[in-house]
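Everything below concerns the one structure shown next.
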Amino acid sequence: MKRPRKRASSVAVIDIGSNSVRLVVYEAMARSLITIFNEKALCGLGREVQSTGLLATDAVNKALTALRRFRALCKIQQVGRVYAIATAACRDAKNGPDFIAKAERICGAKIEILTGPREAKLSALGVVSGVHNPNGIVGDLGGGSLELIDVKGSRVRSGVTLPLGSLALQDLSNKSLKRAERIVKNELLGVAQLKTGRGRTFYAVGGTWRALARIHIIQSGYPLKVMHGYSIPAADALDFAQRLRRLAATNMLANIESVADARRPLLAYAALVLEYIIRVAQPKTIVFSTFGVREGLLYEMLPQAERAKDGLLYAAQNLNELLSRSARHAQELTAWTDRLVRVVRLRETEEDRRLRHVACLLSDIGWRVHPDHRGEETLSLIMNGNFGSITHQGRAFVALSVFYRYAGLSEENEPPPQIRALVTPAMDERARVLGAAFRVAHLITAARTGVLPATHFRTQGRKLMLVFEHRMVDLVADRVGSRFKQLARLVGRAGSIVRR
């Protein structure tokens, strides 16, 4: 008798947007989503909805073709559950219901046509899931609409939808940027959701705004290509948006190779909307988020206890279990560095402590790499890791801590200066201290559990001592002593090993 086949744990979201139709497959429904497949087709469903009231026939055919492929991809990947959503173009077009009926038959799943307020809420929940303690206004710019909603921590207020999506704005203005500017200005001036934005953060969600971020990263020579968490002072973002508009006026945006051909004509409209949001809301900072409606949809389905978890710590724990020699050793290392911080009275904010714990979880993920390259490889892995709830500065701190653990603290093995430039001198110094502590701990234990709890820190005047319980004294060696003395020097102490 055959056993019933176990249901796959993977989950997929098909997102039928006004500009793109996308399939994202995640490894499992979890607090920190791990993407295992991601594909989009730029169909332009919302290209003519404002002027004709209809989804264009060629766009519909292209979208249905993409959906057939997505259904086949879900089948061969044995996806456990498929969720499907549709946004502005499908809810606004007269032939939207007919398209959705055909799409549902192809997808084999019910398609939720999101209302404007629901789309805004899911965008905000996406930011909540991917940004640690967000505080500001979320703006999700799609092809057909712009959603604006206030978020603080896990609290999400009611949102508003405006017909300012890039395709919609291009259609409404008949491809005139001057007309588009008047439309944007009139739509945004009285929006209540923007009145609370002064001095806070504006979270930019959506593919065309991400394209703007990509251009800014390339032009500024920024060392990290990760879109999520990329941050620009609002004044700089305003200057950049205005510069893009000038380039658009002279048809200079057509040659930007870093942006897909179908998106290039929309860049000027996205820049225009961002410019007026900055003028009206007066935020302090613009942060680009790759977490949006899809992630918000799945985050909303999680039990409250799961939603309350720290997404970064959850992701780091997953990497620890996947790549480290001993997952439990990292937990002991976290407690060991907690004791070190208390004994030497290192000043830490709550965020400093959080990042230190993440670094502990990731401190052994490079052990399979050739010893000569562990520092650089783990630095790259952490800097470019596909996880959220961390700033780029936080990434750099964690990556540097693990780099120093592997590469050492000599001048011959310094990290890339462009990565160090992302942190303050004080953060770099803390990363060196933490890296030095990792070098001591991993040398003592060989990443095995039960050893670190048998060692203790003690101070006497300006001396820092590492005390080994009797059952562990055979682990003491000159190399352990020299590394501990290096750690002690970094915290302004003289170091010594004590056998109990």
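None of these values were measured; they are calculated from a predicted model.
- Put simply, the side chain of L322 does not reach to within 4.5 Å of the side chain of I365, judged on heavy atoms.
- Note that NZ of K195 is 13.5 Å distant from CG of D150, once rounded to the nearest 0.5 Å.
- Ionic pairing of E351 and R354 is present here: one or more N-O contacts between side-chain nitrogen and carboxylate oxygen are shorter than 4.0 angstrom.
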Q | Step-by-step side-chain hydrogen bond (donor to acceptor under 3.5 Å, both in side chains) determination, S123 to D140 | A | CA-CA 7 Å; S123 295; D140 187 349; 2.5 Å; yes

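- Taking 4.0 Å as the cut-off between side-chain N and carboxylate O, E377 and R374 do not count as a salt-bridged pair.
- Under 4.0 Å is where a charged nitrogen must lie from a carboxylate oxygen, and between R432 and E414 at least one such pair does.
- The aromatic rings of F240 and H216 sit perpendicular to each other, their planes meeting at more than 60°, with 30° as the lower class boundary.
- Residues G143 and S18 come closest through the heavy atom pair C-CB, 3.6 Å.
- More than 12 non-hydrogen atoms from other residues, nucleotides or ligands lie less than 6.0 angstrom from CD of Q304.
- With respect to the salt-bridge test (charged N to carboxylate O, under 4.0 angstrom), the residues D171 and R47 do not qualify.
- A salt bridge links R405 to D364: at least one charged side-chain nitrogen sits closer than 4.0 Å to a carboxylate oxygen.
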Q | Worked check of side chain to side chain contact (heavy atoms under 4.5 Å, CB included) between F99 and C90 | A | CA-CA 8 Å; F99 167 76; C90 292; 3.7 Å; yes

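- What you find for R307 and R31 is that their closest heavy atoms are O-NE, 3.5 Å.
- Between Y203 and W209, the ring center distance fails the sub-6.0 Å criterion.
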Q. Can you check side chain to side chain contact (heavy atoms under 4.5 Å, CB included) on E27 and S10, steps first, answer last?
A. CA-CA 5 Å; E27 186 177 48; S10 58; 6.0 Å; no

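- Residues V205 and G292 share a closest heavy-atom pair of CG1-CA, 3.9 Å.
- Residues H373 and Y406 bring no donor and acceptor atom of their side chains to less than 3.5 Å of each other.
- With a 4.5 Å cut-off on side-chain heavy atoms, Y222 and L422 count as touching.
- Between D428 and R420 there is a salt bridge, since at least one side-chain N of the basic residue sits less than 4.0 Å from a carboxylate O of the acidic one.
- Counting only N and O atoms by type, the side chains of Y276 and E181 include a donor and acceptor under 3.5 Å apart.
- Ion pair K121/E147 not flagged as a salt bridge, since none of the NZ, NE, NH1 or NH2 atoms sits closer than 4.0 Å to an Asp/Glu carboxylate oxygen.
- Annotation: side chain of Y230 is not in contact with side chain of R210 (no heavy-atom distance under 4.5 Å).
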Q | From CA spacing to verdict: salt bridge (Lys or Arg N to Asp or Glu O under 4.0 Å), R243, D239 | A | CA-CA 6 Å; R243 189 165 72 249; D239 290 343; over 6 Å; no

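- Between I14 and Y83 there is no side-chain heavy-atom pair separated by less than 4.5 Å.
- The shortest heavy-atom contact between T285 and S231 is CG2-OG, 3.0 Å.
- D352 and R347 are not joined by a salt bridge, as no carboxylate oxygen comes within less than 4.0 angstrom of a charged side-chain nitrogen.
- Summarising the geometry, atom NZ belonging to K185 is positioned 11.5 Å from atom CG belonging to L188; distances are rounded to the nearest 0.5 Å.
- For the pair I217/M227, a side-chain contact is recorded, criterion being any heavy-atom separation below 4.5 Å from C-beta on.
- Between the side chain of S324 and the main chain of E321, no donor-acceptor pair closer than 3.5 Å is present.
- L355 pairs in a side chain to side chain contact (heavy atoms under 4.5 Å, CB included) with only one of the listed residues (T349, T391, L312, L434), which is L312.
- Counting heavy atoms from C-beta outward, T161 and L146 have side chains that stay 4.5 Å or more apart.
- Remark: side-chain polar atoms of N95 are not paired, donor with acceptor, to backbone N or O of D98 under 3.5 angstrom.
- Between atom CG of residue N186 and atom CG of residue L189 there is a gap of 7.0 Å, rounded to the nearest 0.5 Å.
- In terms of modelled atom types and a separation under 3.5 Å, the side chain of R71 and the main chain of I106 share a donor-acceptor contact.
- Nearest heavy atom pair, residue V21 against residue C43, reads CG2-SG, 3.9 Å.
- Between the NZ atom of K40 and the CG atom of N19 there is a distance of 9.5 Å, given to the nearest 0.5 Å.
- In this structure, H392 and V226 have side chains that are in contact, with non-hydrogen atoms separated by less than 4.5 Å.
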Q | Worked verdict on I183 versus S173 for side chain to side chain contact (heavy atoms under 4.5 Å, CB included) | A | CA-CA 8 Å; I183 294 167; S173 66; 4.3 Å; yes

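- With rounding to the nearest 0.5 Å, the separation of CD in Q282 from CG in L238 is 10.5 Å.
- Between the side chain of N413 and the main chain of A407, a donor-acceptor pair closer than 3.5 Å is present.
- The distance between the ring centers of F291 and H228 falls below 6.0 angstrom.
- At least one side-chain heavy atom of E295 sits less than 4.5 Å from a side-chain heavy atom of Y26.
- Under the 3.5 Å distance criterion, the side-chain polar atoms of T334 are matched with a main-chain donor or acceptor of A330.
- For R155, the CZ atom is densely surrounded, since the number of other residues' heavy atoms within 6.0 Å is greater than 12.
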**Q.** Stepwise side chain to side chain contact (heavy atoms under 4.5 Å, CB included) check, L212 with L267
**A.** CA-CA 7 Å; L212 295 185; L267 292 173; 3.8 Å; yes

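- Remark: R279 engages E275 in a salt bridge, criterion side-chain N to carboxylate O under 4.0 Å.
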Q: Could you give me the CA-CA distance, side-chain angles and deciding distance for R22 and D15, then say whether salt bridge (Lys or Arg N to Asp or Glu O under 4.0 Å) is met?
A: CA-CA 5 Å; R22 185 184 291 268; D15 183 356; over 6 Å; no

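- For F37, there are no ring pair (Phe, Tyr, Trp, His ring centres under 6.0 Å) partners two or more places apart in sequence or in a different chain.
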(Q) Between R430 and E348, is the salt bridge (Lys or Arg N to Asp or Glu O under 4.0 Å) condition met? List the steps. (A) CA-CA 10 Å; R430 285 206 314 275; E348 275 190 332; 5.7 Å; no

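- A salt bridge is defined here as a Lys NZ or Arg NE, NH1 or NH2 lying under 4.0 Å from an Asp or Glu carboxylate O, and R118 with E300 meets this definition.
- With I16 as the fixed residue, the side chain to side chain contact (heavy atoms under 4.5 Å, CB included) test singles out one of I85, L67, T87: L67.
- Using a cutoff of 4.0 Å between basic side-chain nitrogens and carboxylate oxygens, E104 and K110 are scored as salt-bridged.
- One N or O on the side chain of R395 and one on the backbone of I382 form a donor-acceptor pair closer than 3.5 Å.
- Heavy atoms only, all atoms of each residue included: A396 and V423 are closest at CB-CG1, 3.6 Å.
- Salt-bridge check for R91 with E119: passed, with a basic side-chain N closer than 4.0 Å to an acidic carboxylate O.
- How far OG of S32 is from OH of Y299: 12.5 Å, rounded to the nearest 0.5 Å.
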